[in-house]
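Report on one structure; see the data block that follows.
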Amino acid sequence: MNWKQLISNKRFGLEHLHKYLEDDRTEFQRDYDRLIFSAPFRRLQNKTQVFPLPGSIFVHNRLTHSLEVSCVGRSLGNEIALELIKKHPEMNGSSITEVGAIVAAACLAHDLGNPPFGHSGEKAIGTYFSEGNGQTLKNELSYEEWNDITHFEGNANAFRLLTHQFKGRRPGGFVMTYSTLASVVKYPYSSALAGNKQKFGFFISEEDYFKKIADELGLIRLSDDGEPLKYARYPLVYLVEAADDICYQMMDIEDAYKLKILTTEETKELYKGFLTENKRSRTDEICRMVTDVNEQIAYLRSTAIGVLVKECTKVFVDNEESILQGKFEGTLINNMSSRIREAYKTCSGVAVNKIYCSKDVVDIELAGYQVITTLMDLMIGAVMYPEKAYSKLLIKRVSTQYDISADTLYERILAVLDYVSGMTDVYALDLYRKINGNSLPAV
């Protein structure tokens with residue numbers, strides 16, 4: 001792969017127009033702005049990240065998380081662009097300077113496909129088909145279609161949301177640039193290769209779209225004709241992934257501190273684990289000058305993020321050749337220096353043992369399973385038997401952009417997944433209560 005081909009401002013769905021609007025912004029900055037002003041991005045403010053949506057204590061939701069990931073992604077991209085220009089002076093003045101803008105836009109979009117109630121929502125959709133009432137549909141779908149829905153993945157759903165032509169919408173979905181779209185696809189292979197990790201990058205309904213983008217950008221194809229589609233990762237995906245990993249790990253710790261799951265000293269020590277002795281001494285001195293404990297925690301958290309950004313930049317630049325050859329293994333985080341990697345591992349262990357198993361997190365997962373499973377059961381029944389009176393009532397609630405009367409069962413199921421995954425936590429819970437007769441519209 002080569003940088004000249006990898007960075008393309010060609011827009012998906014408007015390939016025949018190189019630039020169709022005079023604007024001072026670059027095409028990649030326009031991607032960013034288009035996402036910020038979109039309804040799917042706005043709905044992220046009411047979707048769970050890890051902890052239940054805030055009461056008196058504000059913790060992260062999908063929107064604030066995505067904004068923070070975008071900031072870190074921009075920093076990573078900008079630093080890497082500068083280092084690559086130092087390494088390859090001939091690249092000065094080239095489109096490599098746009099890396100920060102591309103990664104920032106992709107980071108905004110990386111969670112757009114996630115359903116309500118955090119990762120439990122993803123699991124609830126997949127297990128509805130693999131373990132629940134949806135099992136009855138297996139013999140009515142192809143092997144590839146069945147893999148798509150039983151391995152339902154927020155990342156693949158984000159790519160669908162960004163590229164799919166919903167009813168009444170313009171061709172090409174969001175009409176994003178090829179480079180931004182490629183940066184979103186964390187797992188560049190079909191659901192047939194998902195395996196036990198339940199990860200894949202695109203539904204078969206969008207497989208040709210991804211192939212078109214990948215071939216245009218010169219991604220290395222790793223599968224032969226007749227095999228499940230698989231490509232080497234687009235290089236900037238590593239930056240989006242690293243920004244996401246950095247933010248959720250560092251910010252979940254701060255949220256846990258605010259919710260008193262972690263003590264002040266536990267939190268400080270986790271952040272200080274990323275610092276050298278000299279850096280520890282300097283941060284201790286600054287913390288003595290700042291008496292507000294929350295500000296001390298915020299300072300230590302930002303310092304730790306800065307260390308991780310520098311470390312990931314070094315890993316990417318040092319491994320540029322193997323990344324471009326499609327041979328780089330693992331994540332940037334996993335390839336950091338042993339000291340930083342150990343500090344990150346310690347944070348991950350605390351998150352698993354203390355944060356993700358906390359009562360509040362488990363409660364939202366339990367509730368999410370119940371709400372999503374019930375809605376899936378009813379909506380799948382409605383598209384299977386649309387002639388029934390109750391089905392007609394349910395269908396009336398669905399926006400006309402979702403093609404729930406499509407010709408094939410697979411397409412109708414995907415329309416239900418589009419509808420359910422696009423809901424906010426509050427909307428899903430409200431609909432669940434009304435369907436069950438637990439609440440009625442105000443009169």
Side-chain angles (χ1 to χ4, degrees), residues 48-69 71-73 75-76 118-120 241-315 331-365:
T48 299
Q49 174 63 17
V50 173
F51 298 103
L53 294 177
S56 58
I57 300 174
F58 190 84
V59 293
H60 289 81
N61 54 39
R62 289 280 178 186
L63 182 72
T64 52
H65 168 72
S66 296
L67 289 168
E68 289 167 350
V69 173
C71 288
V72 173
S75 295
L76 266 172
H119 291 296
S120 65
E241 178 182 54
D244 187 27
D245 289 347
I246 289 169
C247 285
Y248 81 70
Q249 198 66 267
M250 297 298 98
M251 303 314 298
D252 287 353
I253 288 171
E254 187 173 18
D255 282 347
Y257 157 73
K258 291 178 180 178
L259 293 169
K260 301 189 185 306
I261 295 171
L262 297 176
T263 67
T264 301
E265 287 308 311
E266 284 177 315
T267 306
K268 287 183 175 181
E269 283 305 309
L270 287 172
Y271 288 142
K272 287 180 180 180
F274 294 93
L275 311 180
T276 62
E277 285 302 318
N278 286 338
K279 189 69 172 175
R280 270 181 175 246
S281 298
R282 288 197 294 272
T283 55
D284 286 343
E285 184 178 343
I286 291 174
C287 285
R288 282 193 292 270
M289 296 166 56
V290 179
T291 56
D292 187 292
V293 177
N294 290 328
E295 287 299 313
Q296 292 175 358
I297 296 295
Y299 170 69
L300 289 169
R301 178 256 302 152
S302 66
T303 303
I305 289 176
V307 170
L308 287 164
V309 168
K310 291 290 186 185
E311 191 73 13
C312 287
T313 297
K314 184 178 186 305
V315 173
T331 66
L332 299 183
I333 295 286
N334 291 339
N335 284 274
M336 296 185 301
S337 64
S338 58
R339 182 180 62 82
I340 305 297
R341 192 170 65 249
E342 192 60 34
Y344 189 90
K345 184 178 178 181
T346 300
C347 290
S348 298
V350 170
V352 170
N353 295 322
K354 285 195 172 187
I355 299 176
Y356 305 144
C357 293
S358 70
K359 180 180 179 297
D360 286 344
V361 173
V362 172
D363 284 349
I364 199 71
E365 290 185 351

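The basis for the numbers below is simple: all heavy atoms, side chains too, and nothing from hydrogens, waters or symmetry mates.
For the residue pair Cys347 and Met250, the shortest heavy atom distance occurs at SG-CE, 4.0 Å. Taking both residues in full, the closest heavy atoms of Ala243 and Val69 are given as CB-O, 3.6 Å, listed atom of the first, atom of the second, then distance. The heavy-atom pair separating Ile246 from Val309 by the smallest distance is CD1-N, 4.2 Å. Across every non-hydrogen atom of Lys354 and Ile261, the tightest pair is O-CG2, 3.5 Å. Of all non-hydrogen atoms in Asn61 and Thr64, the two that sit nearest each other are OD1-N, 2.8 Å. What you find for Cys312 and Ala242 is that their closest heavy atoms are SG-CB, 4.1 Å.
Contact of the Ile333 side chain with the Val315 side chain is not registered, since no non-hydrogen atoms from C-beta on lie closer than 4.5 Å. Contact of the Tyr299 side chain with the Ile286 side chain is registered, since non-hydrogen atoms from C-beta on lie closer than 4.5 Å. Contact of the Leu308 side chain with the Met336 side chain is registered, since non-hydrogen atoms from C-beta on lie closer than 4.5 Å. Looking only at side-chain heavy atoms (C-beta outward), Asp245 and Tyr344 come within less than 4.5 Å of each other. Within the 4.5 Å cutoff, side-chain heavy atoms of Arg339 are placed close to those of Thr276. Side-chain contact between Ile253 and Arg301 is absent, with no heavy-atom pair separated by less than 4.5 Å. The shortest side-chain heavy-atom distance between Phe274 and Thr303 does not fall under the 4.5 Å cut-off.
In this model, no donor atom of one side chain and acceptor atom of the other lie less than 3.5 Å apart for Glu254 and Thr267. Judged by distance alone, the side chains of Asn294 and Tyr257 do bring a donor and an acceptor atom under 3.5 Å apart. Side chains of Ser281 and Asn278: a donor-acceptor N/O pair is absent below 3.5 angstrom, by distance only.
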Criterion side chain to side chain contact (heavy atoms under 4.5 Å, CB included) on Asp284 and Lys272, from CA distance to verdict: CA-CA 10 Å; Asp284 286 343; Lys272 287 180 180 180; 2.8 Å; yes
Stepwise side chain to side chain contact (heavy atoms under 4.5 Å, CB included) check, His65 with Met251: CA-CA 8 Å; His65 168 72; Met251 303 314 298; 5.9 Å; no
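Separating the CZ atom in Arg288 from the CD atom in Gln296 is a distance of 10.5 Å, to the nearest 0.5 Å. A distance of 11.0 Å separates CD of Glu269 from OG1 of Thr346, quoted to the nearest 0.5 Å. Interatomic distance, Cys287 SG to Met289 CE, rounded to the nearest 0.5 Å: 10.5 Å. With rounding to the nearest 0.5 angstrom, the NZ atom of Lys345 is 15.0 Å from the CD1 atom of Ile340. Here OH of Tyr248 is found 6.0 Å from OG of Ser348. Values are rounded to the nearest 0.5 Å. Separating the CZ atom in Arg280 from the CG atom in Leu300 is a distance of 9.5 Å, to the nearest 0.5 Å.
Around atom NZ of Lys314, no more than 12 heavy atoms belonging to other residues, nucleotides or ligands sit under 6.0 Å away.
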